[in-house]
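For reference, the structure is listed below as structure tokens.
Residue indices begin at 1 and follow the sequence shown. Values below: every heavy atom of this structure, side chains too, minus hydrogens, waters and symmetry copies.
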Amino acid sequence: MAVYEPNATALALLVIGAFLVTSALLSRLWARSGVPLVLGFVALGMAAGAEGIGRFVFDNYRLSFRIGTSALVLILFDAGLHTPRTTFRRYLAPSVVLATIGVLGTAAMIGGAAHALGFDWTTAFLLGAIVSSTDAAAVFSVLRVGGVELHERVGALLEVESGLNDPMAVILTLGTTEALAMGQTIKWTMALFVGVQLGVGAAVGMASGVGARLLLKRLQLSVTGLYPVLTVGLAFVAFGVASVLQGSGFLAVYLAGIVLGDAKLSYKAALGRVHDFVAWLGQVAMFVVLGLLASPARIVQAAGPGLVLAFFVAFVARPVAVIPCVLPFGFRAREVLFVSWVGLKGAVPIVLACIPVLAHVTAATRIFDLVFFIVVVGATIQGSTVSVLARKLKVGRRVAPTRPAALEITASRPLGHELVVCEVNRASAVCSASLSDIPFPDDAAVMLVVRGADLLAPRGHIVLEEGDILHIFCRSSDLPMLNLLFGQHES
């Protein structure tokens with residue numbers, strides 16, 4: 001009897017499947033520590049690496065960069081889809097200041113600290129540019145696990161800033177790496193390079209979003225499953241077109257997601273779930289690969305300067321850069337303090353650290369090890385305190401990590417109505433009122449009331465209590481009235 005021997009493809013699929021299953025199963029256990037969940041994926045990759053128990057040798061920086069870039073496209077597009085256009089406009093000004101002047105100031109201060117540790121000025125600024133941006137996925141994964149929902153002002157500022165500052169960090173890294181690779185110093189032409197990248201990226205992103213909206217509104221596909229295939233393809237097209245035209249592909253993808261997410265689309269709820277899944281899959285793949293790429297022995301050698309820089313970023317560079325950028329826009333002191341602390345680093349710096357290695361820049365491997373160490377230490381220290389600090393500073397409120405029940409409308413074409421979720425808070429105008437006494441808009445109707453683990457039929461005699469969750473069928477024009485009655489709602 002012949003013995004079956006798995007071929008290389010089967011073994012590869014087995015390993016990939018094991019990584020995905022292990023990541024999902026360990027996510028709850030890892031997340032209880034308060035540390036960003038994505039670091040658990042990094043730890044999983046390091047455990048499987050050449051110096052871990054898996055003994056898998058992987059040192060392909062080029063492949064890692066491509067995987068990381070592809071994953072970031074999916075993550076930023078998903079972030080854009082879930083960023084309301086009204087929120088983006090309202091907090092665009094402070095976010096742009098943070099994403100440009102704030103990132104540049106952070107990079108300069110980190111560069112100064114790195115120069116004090118022995119790096120030449122250009123290499124030191126490269127290190128600062130790489131670790132200058134904030135990672136939205138890391139921030140909000142910590143908040144969701146901690147059961148904290150940020151107030152709109154703070155949450156929207158962090159969300160929009162983190163979506164916009166990645167392109168700035170990428171631009172600074174590319175420009176500085178090119179200067180180092182050519183043996184030159186940073187010149188004033190860097191400013192022109194930054195302007196072209198941001199301008200072209202923004203133009204392509206807006207045009208791609210508008211084009212995608214027009215296409216999806218007029219196109220009727222025969223198979224529902226092809227809609228997410230189309231939108232994923234549109235995300236990569238936006239990135240590719242912007243990059244070919246010497247613009248910021250990451251900015252283009254984020255803006256395209258915002259414009260597209262604001263439209264009424266066929267199967268919009270299903271599209272949102274698929275893109276959420278794709279973004280998480282991208283995060284798992286990206287962080288596991290980056291974990292495989294890391295060398296624990298080299299990273300330990302970088303511990304001395306890495307600790308100094310990690311604490312400098314958290315306690316000096318980020319706060320000093322944030323405070324003058326945010327205070328002029330009327331934010332309270334406690335909000336500014338929270339935003340300045342929540343400067344978590346994630347995938348972007350580690351992916352960007354691959355660029356100097358690919359360009360054969362002197363000390364590139366040392367830069368990669370330092371960046372890796374700064375990201376892990378910073379995310380551990382800051383990430384474990386984000387939820388507690390949000391409650392202490394009163395910039396967030398405790399919420400249930402998951403809804404006990406949910407309704408949704410699946411339609412093959414855009415409709416004039418939508419289903420929104422409203423929660424009754426103590427300060428809500430409808431708290432302690434009967435459903436029959438609430439002046440709902442004429443075209444609105446309560447479909448379901450969720451109270452704890454109970455599902456209640458929406459009868460007129462039901463008195464609403466704090467914590468009740470209502471699923472309401474209404475027109476978009478009814479949302480302002482519902483906001484007056486309930487406060488913030490979820491779409």
(request) With R153 as the cation and F331 as the aromatic partner, state whether NZ or CZ is under 6.0 Å from the six-membered ring centre and within 45° of the axis. (result) yes

(request) Report yes or no: do T231 and H275 form a side-chain donor-acceptor pair below 3.5 Å? (result) yes

(message) Please check this pair: side chain of N425 against backbone of A427, looking for a donor-acceptor N/O pair closer than 3.5 Å.
(response) no

(message) Please tell me whether F77 and F239 form a close aromatic pair, meaning their ring centres lie under 6.0 Å apart.
(response) no

(request) For the residue pair F88 and Y254, categorise the inter-ring angle as parallel (less than 30°), tilted (30 to 60°) or perpendicular (more than 60°). (result) perpendicular

(request) Nearest 0.5 Å please: distance from the CD1 atom of I75 over to the CZ atom of F250. (result) 10.0 Å

(message) Restricting to non-hydrogen atoms, name the atom on Y227 and the atom on L219 that form the minimum distance, rounded to 0.1 Å.
(response) OH-O, 3.6 Å

(request) Start with the C-alpha gap between S208 and V241, add the side-chain angles, then the distance that decides, and say whether side-chain contact (heavy atoms from CB on, under 4.5 Å) holds. (result) CA-CA 9 Å; S208 299; V241 170; 5.7 Å; no

(request) Check for a donor-acceptor pair, side chain of D262 on one end and backbone N or O of V259 on the other, with a separation under 3.5 Å. (result) no

(message) Salt bridge or not between R318 and E161? Use side-chain N to carboxylate O under 4.0 Å.
(response) yes

(request) Have a look at C354 and tell me which of V371, L63, L293 forms a side chain to side chain contact (heavy atoms under 4.5 Å, CB included) with it. (result) L293

(request) Please say which of V160, V103, T100 ends up in a side chain to side chain contact (heavy atoms under 4.5 Å, CB included) with N165. (result) V103

(message) Do L419 and M447 have side chains that approach each other closer than 4.5 Å (heavy atoms only, starting at C-beta)?
(response) yes

(message) Can a donor-acceptor pair be found, under 3.5 Å and without considering hydrogens, that links the side chain of S162 to the backbone of E159?
(response) yes

(request) Look at the side chain of S436 and the backbone N and O of G460, then say whether any donor-acceptor pair between them is shorter than 3.5 Å. (result) yes

(request) Give the C-alpha distance, both sets of side-chain angles, the deciding distance and a yes or no for side-chain contact (heavy atoms from CB on, under 4.5 Å) between V420 and H471. (result) CA-CA 6 Å; V420 299; H471 295 260; over 6 Å; no

(message) Just verifying a value: how many Å separate L92 CG and L157 CG, rounded to the nearest 0.5 Å?
(response) 11.0 Å

(message) Test your reading of the model: is there a side-chain donor-acceptor pair from Q197 to the backbone of Q246, 3.5 Å cut-off?
(response) yes

(message) Test your reading of the model: is there a side-chain donor-acceptor pair from S428 to the backbone of V424, 3.5 Å cut-off?
(response) no

(request) Would you sort out whether L470 and D468 count as a side-chain contact (heavy atoms from CB on, under 4.5 Å), showing the intermediate values? (result) CA-CA 7 Å; L470 279 68; D468 285 354; 4.2 Å; yes

(request) Scan residues 434-445 for pairs that pass salt bridge (Lys or Arg N to Asp or Glu O under 4.0 Å), counting only residues two or more places apart or in two chains. (result) D443-R475

(request) Give a yes or no on whether the backbone of R66 and the side-chain of T69 come within a donor-acceptor separation of less than 3.5 Å. (result) no

(message) Using 0.5 Å steps for rounding, measure from the CG atom of L234 to the CG atom of L216.
(response) 6.5 Å

(request) With rounding to the nearest 0.5 Å, note down the distance linking CG in L74 to CG in D276. (result) 12.0 Å

(request) Kindly indicate, with the supporting measurements, whether the criterion side-chain contact (heavy atoms from CB on, under 4.5 Å) is fulfilled by L482 and F440. (result) CA-CA 8 Å; L482 293 179; F440 287 107; 4.2 Å; yes

(request) Kindly compute the distance separating CD1 (I469) from CG (L456), expressed to the nearest 0.5 Å. (result) 11.5 Å

